[in-house]
**Q** 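A single structure is presented below for examination.
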2 protein chains.
Amino acid sequence: MENLVAHQLNERLATSGLRSTVQRQQVYDVLLQRRDHPTAEEVFIRAKTGSPEISIATVYNCLDALVKCGLVRQVNLDRSATRYCPNMHEHFHFYCDGCGTIYDIDSPAKGPATLRVQVPDGFTIGHCEISVRGSCPACNKKRE
Amino acid sequence: MENLVAHQLNERLATSGLRSTVQRQQVYDVLLQRRDHPTAEEVFIRAKTGSPEISIATVYNCLDALVKCGLVRQVNLDRSATRYCPNMHEHFHFYCDGCGTIYDIDSPAKGPATLRVQVPDGFTIGHCEISVRGSCPACNKKRE
DNA sequence: CTAGGTGCAAAAGGTTTGCGGTTAA
DNA sequence: TTAACCGCAAACCTTTTGCACCTAG
């Protein structure tokens, strides 16, 4: 049944005028297997275990293609390496200073949409990114 | 009366265990003169017109010192060079895709604080950064 | 006097690019 | 068939580092 995912990927690539290649499927698989927001280099390492001949330039190219066709989001925290996230639901990122984990935080179903930011009249929002740093529940417990 | 600013800077540096130097004052002056969120390189270029012997490493060091003592904020948009902002009021940044201007957007005095983000129980927020991309009033008008 | 800061140049990430060969459509 | 893509290596941009000299406290 992973053909379902593969099929969806191919369709998305096609709609964006991009080709379906084995490398792009591998890179997307890597992102779906462990949704831990890996960097390009981490994706490269994981992809290499499956197909050792893949290159880092290709990984960047593939990640770019996935971003272009709307299946993957880039996550930028500070100046460190860009991370990649296959969760396309509206959410923001919480980086734990204690353990380094990045959590996806979804907009609460009820109440005002936390992810909608207000801008003065005349401005129009194209894209909005929220990132929060702090301590996660596990690290907070440890500290007690 | 710029002595007032200089005095405040020195005090802040001292409280953080940092020394007052002419370079740190120059860099801070550059940031205050035009609050247009320059990159380190732009600060470097502007500072050099006053004192041509300043080095880029020193500019980075000074900006770092100013961030450490709470007079300046870093602004990271995408992967481009870090920008520096001497506005320490609670606000977020709006980047105009049309003209490249970065606007400071303040939290509206009334209504729910837009800059406060909700996180699930157990998480504690240390720092929160919001950045929005879109089109500014001037560019929206032009497009009509 | 001396810890901390400066200037210079070299190195270190992270990402992009150029190019000859390969492949999806 | 051919434009798009791959792999490799070199280049690029931003930031950091090492080191000898300098200076604020």
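Proteins come first, then strands; the chains are lettered A, B, ... in the order of their sequence lines, and each starts at number 1. Note that these values count all heavy atoms, side chains included, but never hydrogens, waters or copies made by symmetry.
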**Q** Can you check the F44(A) CZ to dC6(D) P distance for me, whole Å?
**A**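 Those two atoms, CZ and P, are 14 Å apart.
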**Q** Taking protein heavy atoms under 4.0 Å as touching, what does nucleotides 19-25 of chain D look like 5' to 3' if B marks base contact, S marks sugar-phosphate-only contact and - marks none?
**A** ----BBS
**Q** Provide, to the nearest angstrom, the distance between the CG atom belonging to N61(A) and the C1' atom belonging to dG18(C).
**A**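 Value for this atom pair: 14 Å.
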**Q** Give a yes or no on whether a salt bridge exists between R46(B) and D36(B), defined as a side-chain N under 4.0 angstrom from a carboxylate O.
**A** yes
**Q** Residues from residues 63-73 of chain B sitting under 4.0 Å of DNA chain C, heavy atoms only?
**A** none
**Q** Rest of the hydrophobic cluster containing I102(A) (Ile/Leu/Val/Met/Phe/Trp/Tyr, side-chain heavy atoms under 4.5 Å)?
**A** V75(A), L77(A), Y95(A)
**Q** Please give the angle, rounded to 10 degrees, between the axes at the start and the end of the helix from dC1(C)-dG25(D) to dA25(C)-dT1(D), where five pairs define each axis.
**A** 40°
**Q** Within this structure, what is the CD-to-C1' distance between Q25(A) and dC6(D), rounded to whole angstrom?
**A**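 So the CD-C1' distance, Q25(A) to dC6(D), works out to 15 Å.
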**Q** So, are R83(A) and E42(A) salt-bridged, with charged N and O less than 4.0 Å apart?
**A** yes
**Q** CG of N10(A) versus P of dA25(C): gap in Å, rounded?
**A** 7 Å
**Q** Is any side-chain heavy atom of I105(B) less than 4.5 Å from a side-chain heavy atom of V132(B)?
**A**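 Of all side-chain heavy-atom pairs linking V132(B) with I105(B), none is under 4.5 Å.
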**Q** Closer than 3.5 angstrom, by distance alone: can the side chain of R79(B) be matched with the main-chain N or O of S80(A) as a donor-acceptor pair?
**A**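 The answer is yes, because a donor-acceptor pair under 3.5 Å joins these two groups.
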**Q** Separation of Y28(B) atom OH from dG5(C) atom P, in whole Å?
**A**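 From Y28(B) OH to dG5(C) P: 18 Å.
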**Q** Take atom CD of Q26(B) and atom C1' of dT6(C), then tell me their distance rounded to the nearest Å.
**A** 12 Å
**Q** Return the value, rounded to whole Å, for the distance between atom CZ of R24(B) and atom C1' of dG5(C).
**A**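 Atom-to-atom, R24(B) to dG5(C), this comes out as 6 Å.
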**Q** Just by distance, do the side chain of N10(B) and the backbone of S20(B) share a donor-acceptor pair under 3.5 Å?
**A** no
**Q** Any chance CD of E41(B) has more than 12 other-residue heavy atoms, nucleotides or ligands included, within less than 6.0 Å?
**A**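 Counting neighbours around CD of E41(B), 12 or fewer heavy atoms of other residues, nucleotides or ligands fall under 6.0 Å, so no.
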**Q** Is it the case that the side chain of N140(A) and the backbone of G122(B) share a donor-acceptor pair, with hydrogens and angles ignored and the cut-off at 3.5 Å?
**A** yes
**Q** Per the ring pair (Phe, Tyr, Trp, His ring centres under 6.0 Å) rule, what does the pair list look like for residues 56-89 of chain A, sequence neighbours excluded?
**A** none
**Q** When you check every protein heavy atom under 4.0 Å of nucleotides 7-14 of chain D, what one-letter string (B, S, -) results, 5' to 3'?
**A** BBB----S
**Q** For R73(A) and C85(A), indicate whether the former's side chain and the latter's backbone hold a donor-acceptor pair under 3.5 Å.
**A**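 Checking the backbone N and O of C85(A) against the side chain of R73(A), no donor-acceptor pair under 3.5 Å is found.
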**Q** Do T82(B) and T39(B) touch side chain to side chain, with heavy atoms closer than 4.5 Å?
**A** no
**Q** Without swapping roles, check the side chain of T15(B) against the backbone of E11(B) for a donor-acceptor pair under 3.5 Å.
**A**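 Yes, the answer is positive, given that a donor and an acceptor are paired below the 3.5 Å cut-off.
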**Q** With a 4.5 Å cut-off on side-chain heavy atoms, are N61(A) and R24(A) touching?
**A** yes
